[in-house]
Colleague: 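Pasting in a structure now, in structure tokens, and then I'll have a few things to ask.
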Protein chains: 2
Amino acid sequence: MPRGNCQGQGWWHGKFKGCGYRLTAGREAILDILSKSEGHLSAEDIYMKIHSRYPNVGLTTIYRTLEVLSNLGMVHKLDFGDRRARYELAEGPEGAHHHHHLVCTDCNKVVDYTDFIDEEVELLRETEKGLGAKYNFQITNHVIQFYGLCGKCSGKK
Amino acid sequence: MPRGNCQGQGWWHGKFKGCGYRLTAGREAILDILSKSEGHLSAEDIYMKIHSRYPNVGLTTIYRTLEVLSNLGMVHKLDFGDRRARYELAEGPEGAHHHHHLVCTDCNKVVDYTDFIDEEVELLRETEKGLGAKYNFQITNHVIQFYGLCGKCSGKK
DNA sequence: TCTGATAATGGAAATGGTTTTCACTAACTA
DNA sequence: TAGTTAGTGAAAACCATTTCCATTATCAGA
Ligand SMILES: [Mn+2]
Ligand SMILES: [Mn+2]
Ligand SMILES: [Zn+2]
Ligand SMILES: [Zn+2]
């Protein structure tokens with residue numbers, strides 16, 4: 001069965017099977033954690049959350065599963081400058097909720113925002129089209145992050 | 001003498017001294033390399049380029065200097081998803097030339113683009129203002145990267 | 001339902017970019 | 001010129017992630 005760009009419809013049971021991946025306890029546990037917790041978890045965050053309920057899921061499996069999920073487009077792998085990858089579900093059962101990030105360079109607080117997306121989305125679409133044509137790139141996604149100091153940190157002086 | 005947000009005018013001799021940093025052979029060498037080579041060098045890239053002419057500059061110094069330069073805002077530290085930081089000069093002697101990046105997820109080719117910046121810049125300014133106010137963030141910079149397949153890689157199939 | 005092929009797993013070891021340590025050197029100020 | 005101390009190189013430590021490999025579990029097909 002084919003691997004790779006298997007982004008179909010439905011939720012993840014079918015998605016997994018449809019792509020020829022086996023459905024294991026570890027994978028279910030990871031997806032369960034991801035859909036329950038609000039985003040931006042590191043592999044180890046997930047490991048610790050899982051470990052209490054499924055003590056026999058290893059950290060290696062977390063990494064491997066996250067890579068699979070990322071390849072399937074079910075999970076976004078994020079980098080906020082501390083040197084550990086963070087992960088968030090790309091879309092829940094009821095569909096995507098695309099957003100961008102606001103990162104405090106001091107305390108690493110991360111804010112999801114969608115407020116300005118409406119206008120952004122327009123320009124982004126055009127930009128992607130224009131860039132794709134000009135540089136012969138097939139653009140699949142983008143990262144937009146704003147960095148600065150959160151209220152608490154800029155107040156600290 | 002004060003360290004930190006010492007982003008004055010002029011070029012780097014003055015900038016360095018003005019911030020209380022000593023001017024050393026290693027630092028000059030690193031800035032020299034950075035201003036001669038076109039962007040996106042890793043610490044080790046720089047190390048190797050420097051090593052032929054200044055064999056006694058260690059990799060540790062490269063890292064340390066890059067961190068200083070980054071804090072001074074003279075260098076941008078970039079992350080393109082391979083797991084090594086890359087660096088580019090924020091501005092040359094004749095001023096800044098802000099740009100964003102287009103990254104091939106297959107061969108890691110990176111394209112600098114400025115083409116669409118004009119329209120982007122407008123929206124970004126507004127967005128920064130809006131986000132800053134709404135979330136009480138003091139936004140200092142942003143990262144915009146588009147990911148996809150370059151012509152060569154999407155052709156390969 | 002049983003079974004074989006093999007995908008998936010976990011623990012330990014390896015990897016590799018970056019950081020830390022520490023004794024030594026060199027830049028700068030007075 | 002001398003003293004203070006920022007800066008340095010080499011080696012060791014760090015630590016998130018990957019690789020290895022022997023073992024286990026999933027699941028398509030019988
Ligand atoms: Mn998010
Ligand atoms: Mn660039
Ligand atoms: Zn903060
Ligand atoms: Zn490519």
Side-chain angles (χ1 to χ4, degrees), chain A residues 1-4 6 12-31 40-48 50-72 75 77-87 108, chain B residues 1-4 6 12-31 40-48 50-72 75 77-87 108:
Chain A
M1 288 190 189
R3 291 282 166 96
C6 283
W12 53 276
H13 283 84
K15 219 162 192 174
F16 250 96
K17 308 292 281 293
C19 294
Y21 289 104
R22 293 181 183 175
L23 212 38
T24 68
R27 287 175 174 174
E28 300 219 62
I30 291 166
L31 276 160
H40 317 146
L41 287 74
S42 68
E44 190 149 9
D45 289 340
I46 297 170
Y47 177 66
M48 290 188 304
I50 281 185
H51 200 261
S52 53
R53 206 176 325 174
Y54 309 78
N56 46 350
V57 173
L59 184 55
T60 311
T61 290
I62 312 273
Y63 278 109
R64 278 187 292 228
T65 298
L66 287 170
E67 164 137 35
V68 168
L69 292 173
S70 179
N71 290 341
L72 289 177
V75 152
K77 185 177 183 178
L78 307 169
D79 166 53
F80 295 133
D82 59 344
R83 69 188 37 271
R84 62 211 312 141
R86 302 193 168 265
Y87 302 85
N108 292 320
Chain B
M1 287 186 188
R3 290 282 166 93
C6 284
W12 53 276
H13 284 82
K15 219 162 193 174
F16 251 94
K17 308 292 280 292
C19 294
Y21 288 104
R22 294 180 181 176
L23 213 39
T24 67
R27 287 174 174 176
E28 299 221 61
I30 291 165
L31 275 160
H40 317 147
L41 288 74
S42 67
E44 192 149 9
D45 290 340
I46 297 170
Y47 176 66
M48 292 190 301
I50 280 185
H51 200 261
S52 53
R53 206 176 323 173
Y54 308 79
N56 46 351
V57 173
L59 183 55
T60 311
T61 291
I62 312 275
Y63 277 109
R64 278 189 289 229
T65 299
L66 287 170
E67 165 137 33
V68 169
L69 293 173
S70 180
N71 289 342
L72 288 177
V75 152
K77 185 176 182 179
L78 306 169
D79 166 52
F80 295 134
D82 59 345
R83 68 187 41 269
R84 64 212 310 144
R86 301 193 168 266
Y87 301 85
N108 291 321

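Treat the numbers as computed from the prediction; the structure is a model and nothing was measured. First the proteins, then the strands, lettered A, B, ... as listed; each starts at 1.
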Colleague: Can you give me the closest heavy-atom contact between B:Ile62 and B:Tyr47, atom names plus distance?
Modeller: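 So the two residues come closest at CD1-CA, 4.0 Å.
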
Colleague: Rounded to the nearest angstrom, tell me the gap between atom CG in A:Asp82 and atom P in C:dT18.
Modeller: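 So the CG-P distance, A:Asp82 to C:dT18, works out to 14 Å.
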
Colleague: When the distance from CG of B:Asp45 to C1' of C:dT18 is rounded to whole Å, what number comes out?
Modeller: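 The distance from CG of B:Asp45 to C1' of C:dT18 comes to 15 Å, rounded to the nearest Å.
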
Colleague: Indicate yes or no: at least one non-hydrogen side-chain atom of B:Lys15 is less than 4.5 angstrom from one of B:Leu72.
Modeller: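 They are not in side-chain contact.
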
Colleague: Output yes when a side-chain donor or acceptor of A:Arg27 lies under 3.5 Å from a complementary backbone atom of A:Phe16, and no otherwise.
Modeller: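 It does not hold such a pair.
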
Colleague: Hey, which of these two, B:Arg83 or B:Gly26, hits DNA chain D nearer its 5' end, going by closest nucleotide?
Modeller: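 Comparing both residues, the 5'-ward one is B:Gly26.
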
Colleague: I need the CD-P distance between B:Glu67 and C:dG17, as an integer number of Å.
Modeller: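 Atom-to-atom, B:Glu67 to C:dG17, this comes out as 18 Å.
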
Colleague: With the threshold set at 4.0 Å, does a side-chain nitrogen-carboxylate oxygen contact exist between B:Arg84 and B:Asp79?
Modeller: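 A salt bridge is absent here (no side-chain N lies under 4.0 Å from a carboxylate O).
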
Colleague: Nearest-Å distance, CD1 (A:Ile62) to C1' (C:dG11)?
Modeller: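 Taking CD1 of A:Ile62 and C1' of C:dG11, I get 14 Å after rounding.
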
Colleague: For A:Leu41 and D:dA16, what is the distance between atoms CG and C1' respectively, to the nearest whole Å?
Modeller: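 So the CG-C1' distance, A:Leu41 to D:dA16, works out to 16 Å.
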
Colleague: Between P on D:dG7 and CG on B:Leu69, what's the gap in Å once rounded to a whole number?
Modeller: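 In whole Å, D:dG7 P lies 12 Å from B:Leu69 CG.
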
Colleague: Report yes if the side chains of A:Tyr54 and A:Val57 come closer than 4.5 Å at any heavy-atom pair, otherwise no.
Modeller: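 Result yes, sub-4.5 Å side-chain heavy-atom pair found.
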
Colleague: Would you say B:Tyr63 reaches C:dT18's phosphate, i.e. side-chain N/O to OP1/OP2 under 4.0 Å?
Modeller: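 It does, given that an N or O in the side chain of B:Tyr63 lies less than 4.0 Å from OP1 or OP2 of C:dT18.
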
Colleague: Please tell me whether B:His40 and B:Tyr87 form a close aromatic pair, meaning their ring centres lie under 6.0 Å apart.
Modeller: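 Not close enough - the centres of the two rings lie 6.0 Å or further apart.
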
Colleague: Does the side chain of A:Tyr21 reach to within under 4.5 Å of the side chain of A:Leu69, using non-hydrogen atoms?
Modeller: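 A:Tyr21 does not reach A:Leu69 side chain to side chain.
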
Colleague: Only one of A:Thr24, A:Thr65, A:Leu41, A:Val68 passes side chain to side chain contact (heavy atoms under 4.5 Å, CB included) with A:Ile30; say which it is.
Modeller: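 The option that passes is A:Thr65.
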
Colleague: Can you tell me the distance, in whole Å, between the CG atom of B:Asp79 and the P atom of C:dG17?
Modeller: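 Rounded to whole Å, this separation is 14 Å.
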
Colleague: Do A:His13 and A:Glu28 come close enough that some side-chain heavy atom pair is under 4.5 Å?
Modeller: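 Yes, at least one pair of side-chain atoms sits under 4.5 Å.
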
Colleague: What string of B, S and - do you get for nucleotides 10-15 of chain D, 5' to 3', if B is base contact, S is sugar-phosphate-only contact and - is no contact with any protein heavy atom under 4.0 Å?
Modeller: BB----

Colleague: Distances under 3.5 Å only, N/O to N/O: pair up the protein atoms with those of nucleotides 25-27 of chain D.
Modeller:
residue, atom, partner, partner atom, Å
D:dT26, O2, A:Arg22, NE, 3.4
D:dT26, O2, A:Arg22, NH1, 2.7
D:dT26, O2, A:Arg22, NH2, 3.2
D:dC27, OP1, A:Leu23, N, 2.8

Colleague: Would you say A:Arg27 places a side-chain N or O within less than 4.0 Å of OP1 or OP2 belonging to C:dA8?
Modeller: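 A:Arg27 to C:dA8 OP1/OP2: side-chain N or O found under 4.0 Å.
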
Colleague: Figure out the CD/C1' separation between A:Glu28 and C:dA8, and round it to whole Å.
Modeller: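 Distance, rounded to whole Å: 14 Å.
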
